[in-house]
Amino acid sequence: MADSVDRPASPSKGKGKLKDFSSEFDDLDPVVTYRHIFSPTIGPKHPLRVVALCDCNAFYANCEQVRLGIDPEKPLVVAQWGMLIAVNYPAREFGISRMDKPHEAVKRCKDLIVVHVATYAEGELEPKYHEKPDAKTHKISLDLYRRECIKVVNTYKESLIGGEIEKASIDESFIDFSIPVRDELLRRFPHLKDVPLDAPQGIDTPLPSPPSSVEWPENGNLVPIDPSKFDPSDKTLTTEQVIEAEKDLIPTWHDVCLSIAAELMSRMRKAVFERLGYYTTAGIGRNKFLAKLAASYRKRNTQNILRNSAIPGFLKPMPFQKIRNLGGKLGKALAEEFDAATVGDLLSVDLDEMQRKFGESAIWVYEVLRGIDRSEVKEKPAINKSMLASKNLPNPLSSTAEGPHWIKMLTSELAIRLHEARELTPGLWPKTISLHICEGWSDRKSKQAPFPSPRTVTIDLVLGEAMKLWNEMCKEGWRKGMKITHMGVSFHGITWAEEGQRAIETFLMAAPSRPVLTKDRARSVSVGVRDTSVEPARDVDIDDDSSYSFTCPRCKKEVSVPRKTLAECRNVSGENGDLASELQGNALAALKQEHEDFHFAQDLMRENRPIITNNTASGSGSPKRPVKKQKKGGQASEPAGIAKFFIQKGKT
DNA sequence: CATTCTTTAAGT
DNA sequence: ACTTAATC
């Protein structure tokens, strides 16, 4: 009850007063002007912003069902050791839930298909669907789901022109439809493009009235404005019924935008289903957290539209712990502090009080409770920044000698996954490696170290680095009676290697089998420097500061790698005769290739795929690499596939 | 209602 | 570098 007098006035209207409910959500029908329509960007405060969250339903189960070519209406579950990690919707009809054990589930449904997740057996280089996987000896592989997830996101991209997509988790993506929707809006209502000559406030004049009714797509649900008019347990509530009950309603321009987004979303979900066979559910609303909540309104192969006018009725009875970021400690703290469970319960807490108790987070919470969320849909790099292989140990390790077995298992998987990632994006490399263990129930320890940078991934390399960490850990000793119940190895800071570094590698790989060029010999060799075609060759002086360089037509920057660095990397050689031209050709070709690869990787990381002009379903889901390098050495740079990969073992 | 495995971000 | 928290 501290006085709020000594605090500056809060921006909230009803501050300190008894709340008038209509003012809790006071921005639901903002004025939209021509200026809004013309705005080149549509940020979090724009009144016509439209965001969707689309997630795959029972994704792992759906993946296995598709992989096995099973009828999607057959009940199917995915098991991981003694538990279920995915239950498809037909199986849920039998009352099976993720908390059930596989054997319990089978009791509920005689014909239930139980698929165990793929596992690595000891020493295996790829995961398999083993007959009888054993938690004591095998290691789970979630790779199938990771790969399928990429296909889903790529399909979204191909079927959407010009929107932003953020992959939020393995089976969820946020989509910002604002720009494509605005473009379509102008196509359908071209009169919005012209500010009337007699408009009183020019470009700041409010838009004319929207059409008197909105065509909501058939295949989705409208969250009702007044849920009390309906039986909340009625899962069959249709859009028609909602529209019928809201006959008198005057739609807004934002409603029109939502309906357009719904069409686009529907098209994207259809593409995913037709191409990949995955069912999705989407939520569509004015911002991310509402889109996410709306997605959970009705599930399985559908989409739910949350109009601004429906926000209060939807949000007030909502347990606030369902809101993203309020599911954990913060949510619990709020519940305890204010003895509240629903959003409605917290609306009477004013901003000052909230700030006193929750400091920084208060404004975010305060706004979210009122349906406001300014967070943006931001494209995340397509490449993961970290990679973890971990394992709970059913028989805890009780001696240091048992460590290496599991470390080998975990590092093998990591090496394979890194190698796989590099097939798509050559040059990816982790900055650090770390080893993490749990002793007993809650004693955790971790060690990390910089990861070295040879150019090929081998299991032995990763194993060796992890073993160093393990040995360090062992040296520090264990609590009395060592009991390791969990172990994990991970890569962090996985990024595209530095350009110069990569250029050198490419360069060296281009000439792998030639006699070694010593520094002395290199001094006597002639190499052209700036421009291969124009500048005459001149003597190499290893100590000079000149570079191989060219100007990139795309970014207009001069790209170079110091000649010195290349020379010192040794192995640069050839017969004395045409060595000069060969060297400069190799170096420049490598550098150019490297630079193209750099752009390629950047595009890939930002997921800037070339814009598809028509919706002609192109078969390939992944971007094309730039023109392949013509290698003088005639040697494949990277071994393809796991078989070859293993041959690399033992080499530096 | 608890469990295995992931990934990311942020704090100390 | 190492820990904690949050999400699926």
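This is a predicted model, so every value here is computed, not measured. Convention: sequence-line order gives letters A, B, ...; per-chain numbering from 1.
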Between which nucleotides of DNA chain C, read 5' to 3', does contact with chain A run, using atoms under 4.0 Å from its heavy atoms?
->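 Boundary nucleotides touching chain A, in 5' to 3' order, are C/dA1 to C/dC8.
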Sequence neighbours excluded, which residues qualify as side chain to side chain contact (heavy atoms under 4.5 Å, CB included) partners of A/E148?
->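 Only A/F59, A/C63, A/L144, A/K151, A/Y278 meet the side chain to side chain contact (heavy atoms under 4.5 Å, CB included) criterion with A/E148.
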Residues in side chain to side chain contact (heavy atoms under 4.5 Å, CB included) with A/E376, at least two apart?
->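 Side chain to side chain contact (heavy atoms under 4.5 Å, CB included) list for A/E376, sorted by chain: A/P44.
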Just the endpoints, please: which first and last nucleotides of DNA chain B, 5' to 3', lie under 4.0 Å from a heavy atom of chain A?
->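 Answer, 5' to 3': B/dC1 to B/dA9.
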Taking only distance into account, with no hydrogens and no angle test, what donor-acceptor pairs under 3.5 Å do side-chain atoms of residues 318-331 of chain A form with protein atoms, sequence neighbours excluded?
| unit_1 | atom_1 | unit_2 | atom_2 | d |
| --- | --- | --- | --- | --- |
| A/Q321 | NE2 | A/G331 | O | 3.4 |

Take atom CG in A/N395; do more than 12 heavy atoms of anything else shown fall under 6.0 Å from it?
->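 Buried by this count: over 12 neighbours within 6.0 Å.
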More than 12 foreign heavy atoms under 6.0 Å from NZ of A/K357: is that the case here?
->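 Check passes, neighbour count above 12.
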DNA chain C contacts among residues 85-98 of chain A, heavy-atom distance under 4.0 Å |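 Those residues: none at all.
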Spell out, as yes or no, whether a donor-acceptor pair under 3.5 Å connects the side chain of A/R267 to the backbone of A/A262.
->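 Looks like no, no N/O pair under 3.5 Å.
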Flag, side chain of A/H486 to backbone of A/S390, donor-acceptor distance under 3.5 Å |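 Flag not set: sc A/H486 to bb A/S390 has no pair under 3.5 Å.
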Against the six-membered ring of [Y], is [X] placed for a cation-pi contact (under 6.0 Å from the centre, within 45° of the normal)?
X	Y	answer
A/R275	A/F273	no
A/K139	A/Y120	no
A/R67	A/Y129	yes

Base, sugar-phosphate, or nothing for [X], non-hydrogen atoms under 4.0 angstrom?
X	answer
A/D55	nothing
A/K292	sugar-phosphate
A/A389	sugar-phosphate
A/G488	nothing
A/L142	sugar-phosphate
A/K332	nothing
A/L326	sugar-phosphate
A/S386	base

Looking only at non-hydrogen atoms, find the nearest pair between A/L410 and A/M487 and report the distance.
->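 That closest heavy-atom pairing would be CD1-O, 3.6 Å.
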5'-most contact on DNA chain B: A/K391 or A/N384, nearest heavy atom basis?
->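 It is A/K391 whose nearest nucleotide is closer to the 5' end.
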